[in-house]
2 protein chains.
Amino acid sequence: MSLYLPYTVGLMAAKKENRKLDRSTEEKIKSAARTVFHKKGFAATRTREIAEEAGINLALLNYYFRSKEKLFQIIMLETMQGFYQTMIIVFMDGSTTLEEKIEQVAEKYIDLVVEQPEIPLFILSEIRNSSGDFFTKLPINELLKKSSFMQQFQEAVQQKKVADVHPIHFVLNLMGLIVFPFIARPVLTHLGEMADAQFRTVMEERKKLIPVWMKTIMAP
Amino acid sequence: MSLYLPYTVGLMAAKKENRKLDRSTEEKIKSAARTVFHKKGFAATRTREIAEEAGINLALLNYYFRSKEKLFQIIMLETMQGFYQTMIIVFMDGSTTLEEKIEQVAEKYIDLVVEQPEIPLFILSEIRNSSGDFFTKLPINELLKKSSFMQQFQEAVQQKKVADVHPIHFVLNLMGLIVFPFIARPVLTHLGEMADAQFRTVMEERKKLIPVWMKTIMAP
DNA sequence: GTCTATAGGGGGATAGAC
DNA sequence: GTCTATCCCCCTATAGAC
């Protein structure tokens, strides 16, 4: 089962098939765009910078992607997919318990975001402006409703193993505990003189701590 | 004791004194700038939009603040002050216990951010780009080190009333639990069809819940 | 497909009248 | 202090040669 959505690159969708071994140009541009957009956001990004980063000419960017806007939408959609994918996979897995799902989400997300620390802030701040179009293209909502996680969670509430508060608290707590440190990273750096190494140690600790915290937090 | 810093508006600092009753122009521009900057961030904001929002002409904006950049720095600094002020006041208060401080921070911050929901994301995303200059102008670090909160926290650790993990976990958990829902708000809206009223209810619940959670989380 | 050159427009800032 | 008019740069996008 592929969890990736069928998005199209428009112009290129057909041509892509006809090429032999294409780790070039189009992919180079997308990769550069990802880097710059993630770091600066849409408004602060200059297409010239993407072109330079990709080692190609500015005109070529428009040749492949028509406009900055369209290129951005592709990057945004892929980034969101990549981010939600982890959660979906873990939550759909019928063979793990609720506790194991929490452990896995904490571990996998912290690993993911240690690798690409700009992603949470990128997604959250870009969603603020762009209309909610991205979500209509991502069937996360439907997937989550039917997920193994949801079933287990509702069972746990009925069996009084979990406090009977709005489930949104659960999601907010879990994701907040995982993701917030990366969003607040710049503040920590400037404020508390926290270096990279120390931050990584702290986040490694949290892989273990968050599941424990979540358990005590959600106890009835 | 004033916790506000002596920042200057440059050109205007002197003139301000000479005016009689000035809730006008300069303040109108700043107010408009606050609104637009908070909502869109520096890069996406157009000075023309600020001018329109303020009901004045674009030229006047530059007359008062010299440039978009300078205006932004004033807004940014004031916003950060306003935000940290709450924490500082609560944490400096020698007459409250550690538990009471947590209760007060949760309650006051949630109130503050319900009023101005864009602030957390604004601060966090704008810090990403702008160099850490803003922090050198804010003596938060020094204030916090000497605060009543820090003393009480260290005592609690020594008396084994609080788990002996890096104190940063405490700060990250507290602020994450409070602030993250507002950062993730757009996602909730699009994803879970969560309306304003329901969100407020959830946040009211969290005023009570967060102190409880923090207590269980930080237990040894 | 990839480049150079350039069109076209938006946005920040200023000149100068009132 | 406040406005209108305008400058000018920078950025996106395209035309057209190779």
Side-chain angles (χ1 to χ4, degrees), chain A residues 9-37 39-76 126 129-130, chain B residues 9-37 39-76 126 129-130:
Chain A
V9 189
L11 276 181
M12 291 299 103
K15 294 184 186 168
K16 213 173 186 175
E17 311 302 328
N18 300 331
R19 277 176 280 162
K20 294 142 197 188
L21 177 61
D22 232 270
R23 251 233 172 296
S24 54
T25 319
E26 184 177 342
E27 196 48 52
K28 259 192 287 181
I29 296 174
K30 271 177 60 173
S31 176
R34 215 172 292 130
T35 306
V36 183
F37 278 139
K39 198 163 73 189
K40 305 196 168 178
F42 177 78
T45 292
R46 310 294 122 181
T47 49
R48 282 179 163 82
E49 192 177 347
I50 296 177
E52 192 184 6
E53 174 87 19
I56 52 100
N57 192 278
L58 173 60
L60 213 50
L61 188 152
N62 288 289
Y63 173 75
Y64 275 99
F65 297 96
R66 294 286 298 169
S67 76
K68 178 189 178 185
E69 179 74 33
K70 289 219 172 64
L71 175 54
F72 176 78
Q73 284 178 359
I74 291 168
I75 299 297
M76 180 72 174
E126 294 303 322
N129 300 328
S130 43
Chain B
V9 191
L11 276 180
M12 291 299 103
K15 291 184 187 168
K16 211 170 187 176
E17 311 303 326
N18 300 331
R19 276 176 283 163
K20 292 142 199 186
L21 177 61
D22 232 271
R23 251 236 173 294
S24 54
T25 320
E26 185 176 340
E27 198 47 52
K28 259 192 287 179
I29 297 174
K30 271 176 58 172
S31 176
R34 215 172 292 130
T35 305
V36 184
F37 279 140
K39 197 163 73 188
K40 304 194 168 181
F42 177 78
T45 292
R46 314 289 123 183
T47 50
R48 284 180 162 80
E49 190 177 349
I50 296 176
E52 192 185 6
E53 173 86 20
I56 53 100
N57 193 276
L58 174 59
L60 213 50
L61 187 151
N62 289 288
Y63 173 77
Y64 275 98
F65 297 96
R66 294 287 297 168
S67 74
K68 178 188 177 184
E69 179 73 32
K70 290 219 172 62
L71 176 54
F72 175 77
Q73 284 179 358
I74 291 167
I75 299 298
M76 179 72 175
E126 293 304 319
N129 300 328
S130 45

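In what follows, chains are A, B, ... by sequence order, proteins preceding strands, each numbered from 1.
With hydrogens and angles disregarded, no donor-acceptor distance shorter than 3.5 Å links the side chain of B:E26 to the backbone of B:Y64.
Taking every side-chain heavy atom of B:S67 into account, C:dA13 is the closest of C:dA13, C:dC3, C:dT2. Nearest nucleotide to the side chain of A:L58, out of D:dA13, D:dG1, C:dC3: D:dA13. With D:dA13, D:dT14, C:dT2 as the candidates, the nucleotide lying closest to the side chain of A:T25 is C:dT2. Side-chain proximity of A:Y63 to the nucleotides D:dA15, C:dT2, C:dA13 is greatest for C:dT2.
Between the C1' atom of D:dT6 and the CG atom of B:N57 lies a distance of 13 Å, rounded to the nearest Å. The CG atom of A:L61 sits 15 Å away from the P atom of C:dG1 (whole-angstrom rounding). Atom CD1 of B:I56 is separated from atom P of C:dA13 by 13 Å (rounded to the nearest Å). Rounded to whole angstrom, the span from the NZ atom of B:K68 across to the C1' atom of D:dC9 amounts to 14 Å. If you take NZ of A:K40 and C1' of D:dC11, they are 14 Å apart, rounded to a whole angstrom. When the C1' atom of D:dA17 is taken as reference, atom CG of A:L60 falls 15 Å away, rounded to whole Å. Counting to the nearest Å, the C1' atom of C:dA13 and the CG atom of B:L71 are 14 Å from each other. We find that CZ of A:F65 is positioned 14 Å from C1' of C:dG1, with the value rounded to whole Å.
Residues passing the side-chain contact (heavy atoms from CB on, under 4.5 Å) test with B:K70, sequence neighbours excluded: B:R66, B:S67. With sequence neighbours left out, B:Q73 forms a side chain to side chain donor-acceptor pair (under 3.5 Å) with B:E69.
Shown here for A:F42 and A:K68, the closest heavy-atom pair between the two residues is O-NZ, 3.1 Å.
Less than 4.0 Å separates DNA chain D from at least one heavy atom of each of the following residues of residues 42-51 of chain A: A:T45, A:R46, A:T47, A:R48.
Pairs engaging residues 40-50 of chain A under the side-chain hydrogen bond (donor to acceptor under 3.5 Å, both in side chains) rule: A:K40-A:E49 [sequence neighbours left out].
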When the side chains of residues 51-59 of chain A are checked against the rest of the protein, which donor-acceptor pairs come out under 3.5 Å, sequence neighbours left out?
{"unit_1": "A:N57", "atom_1": "OD1", "unit_2": "A:A59", "atom_2": "N", "d": "2.8"}

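Within the structure, every side-chain polar atom (N or O) of A:N62 is placed at least 4.0 Å from both OP1 and OP2 of D:dT12.
Between A:F72 and A:F37, the ring-plane angle classifies as perpendicular under the 30° and 60° cut-offs.
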